[in-house]
Amino acid sequence: MFKIATWNVNSLRVRLAHVLAWLTAEQPDVLAIQETKLTDDAFPIQEFAGIGYLAAFTGQKTYNGVAILSKYPGQVIATALPAYPDPQKRLLCVEFNGVCVLNLYVPNGSEVGSEKYRYKLEWLSHLKGYTDDLLRNYPKCVVLGDFNIAPTDADVHDPQEWTGKVLCSGPEREAFFKLVHSGLVDCYRLFPQQEPAYSWWDYRAAGFRRNRGLRIDHILAATELAQHCKSCRIDIAPRKLERPSDHAPVVAEFEVWT
DNA sequence: ATGGTAGTTCAACTA
């Protein structure tokens with residue numbers, strides 16, 4: 001079994017103990033994390049090595065920053081969108097023995113119509129070009145991370161309240177499905193899910209306690225790889241801890257084949 | 001229609 005997960009940790013400095021505990025308990029082969037908010041010189045390599053994980057990372061001060069933790073070494077393929085120079089560290093692609101893992105922290109977009117919203121759509125359009133290339137070179141591709149997009153109303157606690165708002169707007173959803181429909185599958189929707197399950201809840205207004213959430217963190221697998229996906233779930237346990245991230249991990253398991 | 005909280009950094013930005 002190949003077990004892979006994504007988790008926006010919202011500061012690795014603050015969340016390190018949570019991440020170490022979760023890795024130790026869950027033992028995924030690969031964990032993609034977002035919003036490390038750490039420069040590369042400050043990345044806690046030793047702490048992860050201590051529990052048997054290697055780390056690839058690209059970070060910056062204060063904002064953004066992505067990393068891929070893994071039980072075995074991989075090859076870094078990219079730390080940015082090749083055709084889109086961007087000082088914001090939001091992308092890391094690592095190959096593990098033919099399986100390509102693309103970790104994304106998609107721009108939040110702030111507000112529909114804002115400069116940050118335009119940046120988000122532009123970023124997503126360049127991402128589409130990149131994943132098209134990647135899927136040609138690596139048929140076994142997993143694209144995962146914080147997409148900052150709730151794909152459908154089923155992924156939103158109150159679709160009426162969120163209609164047309166950032167994270168749920170038409171252009172964002174179109175960009176998401178454009179990406180997915182060119183050779184990827186949303187692993188979470190491969191399986192019947194018990195109840196509306198979200199991956200992010202606003203810290204404000206007791207969002208988690210009232211289960212006012214959105215499913216904006218995703219694991220997408222290349223079509224053929226998706227046929228070997230055995231499970232996909234959201235683990236809300238870490239969201240219940242003291243000083244949690246506002247996101248919960250999403251976990252998928254694939255049967256290994258040759 | 002605004003605000004609520006959290007992280008980084010220390011006033012203001014991002015989410």
Side-chain angles (χ1 to χ4, degrees), chain A residues 6-22 32-44 47 57-67 80 84 86-92 103-124 127 144-151 155-169 171-173 175-176 198-218 234-250:
Chain A
T6 178
W7 192 4
N8 180 324
V9 298
N10 185 20
S11 170
L12 186 54
R13 220 187 287 277
V14 173
R15 233 64 68 191
L16 182 60
H18 287 188
V19 178
L20 290 172
W22 192 81
I33 60 176
Q34 303 86 34
E35 283 204 272
T36 58
K37 301 185 178 180
L38 289 176
T39 51
D40 291 348
D41 59 292
F43 198 91
E47 285 82 347
F57 43 85
T58 180
Q60 66 183 89
K61 211 165 124 85
T62 312
Y63 303 119
N64 310 314
V66 286
Y84 190 64
D86 185 356
Q88 302 191 26
K89 305 297 188 188
R90 299 182 171 276
L91 181 149
L92 179 61
N103 179 17
L104 305 176
Y105 177 46
V106 176
N108 170 281
S110 184
E111 212 176 308
V112 172
S114 67
E115 189 52 52
K116 290 194 177 70
Y117 182 76
R118 283 188 287 277
Y119 163 64
K120 179 180 197 173
L121 294 180
E122 192 172 58
W123 199 93
L124 286 165
L127 174 65
L144 77 176
D146 178 359
F147 285 73
N148 270 314
I149 299 171
D155 304 309
V156 181
H157 69 90
D158 185 343
Q160 224 172 348
E161 177 185 330
W162 282 87
T163 300
K165 300 261 172 65
V166 77
L167 313 184
C168 298
S169 75
E172 292 167 86
R173 287 177 166 177
F176 180 84
Y198 310 121
S199 66
W200 170 82
W201 301 259
D202 201 313
Y203 285 124
R204 296 166 291 187
F208 184 66
R209 184 178 58 72
R210 300 156 70 195
N211 199 23
R212 291 169 56 84
L214 302 180
R215 190 176 70 94
I216 57 176
D217 300 271
H218 308 293
I234 299 169
D235 183 5
I236 64 165
R239 189 62 176 79
K240 298 174 177 171
L241 300 173
E242 261 327 279
R243 268 193 112 182
S245 167
D246 45 352
H247 295 252
V250 185

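By convention in this document, chain letters (A, B, ...) are assigned in the order of the sequence lines, proteins followed by strands, and residues within each chain are numbered from 1.
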Checklist line | Residues forming a salt bridge (Lys or Arg N to Asp or Glu O under 4.0 Å) with A:D202, sequence neighbours excluded | finding: A:R204
Check: At under 4.0 Å between heavy atoms, what does A:Y105 touch on the DNA or RNA strands: base, sugar-phosphate, or nothing?
Finding: sugar-phosphate
Next item on the list: Provide, to the nearest angstrom, the distance between the CG atom belonging to A:L12 and the P atom belonging to B:dG7.
Entry: 13 Å
Item checked: Earlier contact from the 5' end, DNA chain B, for A:T36 and A:Q88 -> A:T36
Notebook entry, point to check: Expressed in angstrom and rounded to an integer, what is the separation of A:Q60 atom CD from B:dT8 atom C1'?
Noted result: 12 Å
Check: Where do A:V66 and A:N103 come nearest, in terms of heavy atoms and distance?
Finding: CB-ND2, 3.6 Å
Under 3.5 Å, which protein N or O atoms sit close to an N or O of nucleotides 1-4 of chain B? Give each pair with its distance.
from, atom 1, to, atom 2, distance (Å)
B:dG4, O6, A:R204, NH1, 3.1

Margin query: Nearest whole Å is fine: how far is B:dA15 C1' from A:D146 CG?
Written below: 10 Å
Next item on the list: Could you tell me which non-hydrogen atom of A:T39 sits nearest to which non-hydrogen atom of A:K61, and how far apart they are?
Entry: CG2-N, 3.6 Å
Checklist line | Distance, rounded to the nearest Å, where A:L16 contributes CG and B:dT8 contributes P | finding: 12 Å
Next item on the list: For A:K37 and B:dT8, give me the distance from atom NZ to atom P, rounded to whole Å.
Entry: 6 Å
Next item on the list: Rounded off to whole Å, could you give me the CD1-to-P distance for the A:I149 and B:dA15 pair?
Entry: 14 Å
Checklist line | Any A:K116 side-chain nitrogen or oxygen under 4.0 Å from OP1 or OP2 of B:dT14 | finding: yes
Notebook entry, point to check: A:W162 CH2 to B:dA15 P: how many Å, rounded?
Noted result: 14 Å
Next item on the list: For A:W200 and A:D146, test the side chains for any donor-to-acceptor distance below 3.5 angstrom and give the result as yes or no.
Entry: no
Next item on the list: Return yes if a side-chain donor-acceptor contact under 3.5 Å exists between A:E122 and A:Y84, otherwise no.
Entry: yes
Note to self: Roughly how many Å apart are B:dA6 and B:dT2, using the P atom of each and rounding to a whole number?
What the structure shows: 23 Å
Next item on the list: Verify the contact: side-chain N or O of A:T62 to OP1 or OP2 of B:dT14, cut-off strictly under 4.0 Å; return yes or no.
Entry: no
Checklist line | Residue whose nearest DNA chain B nucleotide is more 5′ - A:K61 or A:P107 | finding: A:K61
Margin query: Taking any heavy-atom pair under 4.0 Å as a contact, classify A:R90: base, sugar-phosphate, or nothing.
Written below: sugar-phosphate
Check: Between A:N108 and A:V166, what is the shortest heavy-atom contact and its length?
Finding: O-CG2, 3.5 Å
Note to self: Checking A:T6 now: which residues fulfil side chain to side chain donor-acceptor pair (under 3.5 Å) with it, not counting sequence neighbours?
What the structure shows: A:Q34
Notebook entry, point to check: CZ of A:R212 versus P of B:dT5: gap in Å, rounded?
Noted result: 14 Å
Item checked: Gap in Å between the two P atoms, one belonging to B:dT5 and one to B:dA1, rounded -> 22 Å
Notebook entry, point to check: So what does A:R210 hit on the nucleic acid, given a heavy-atom distance under 4.0 Å: a base, only sugar-phosphate, or nothing?
Noted result: nothing
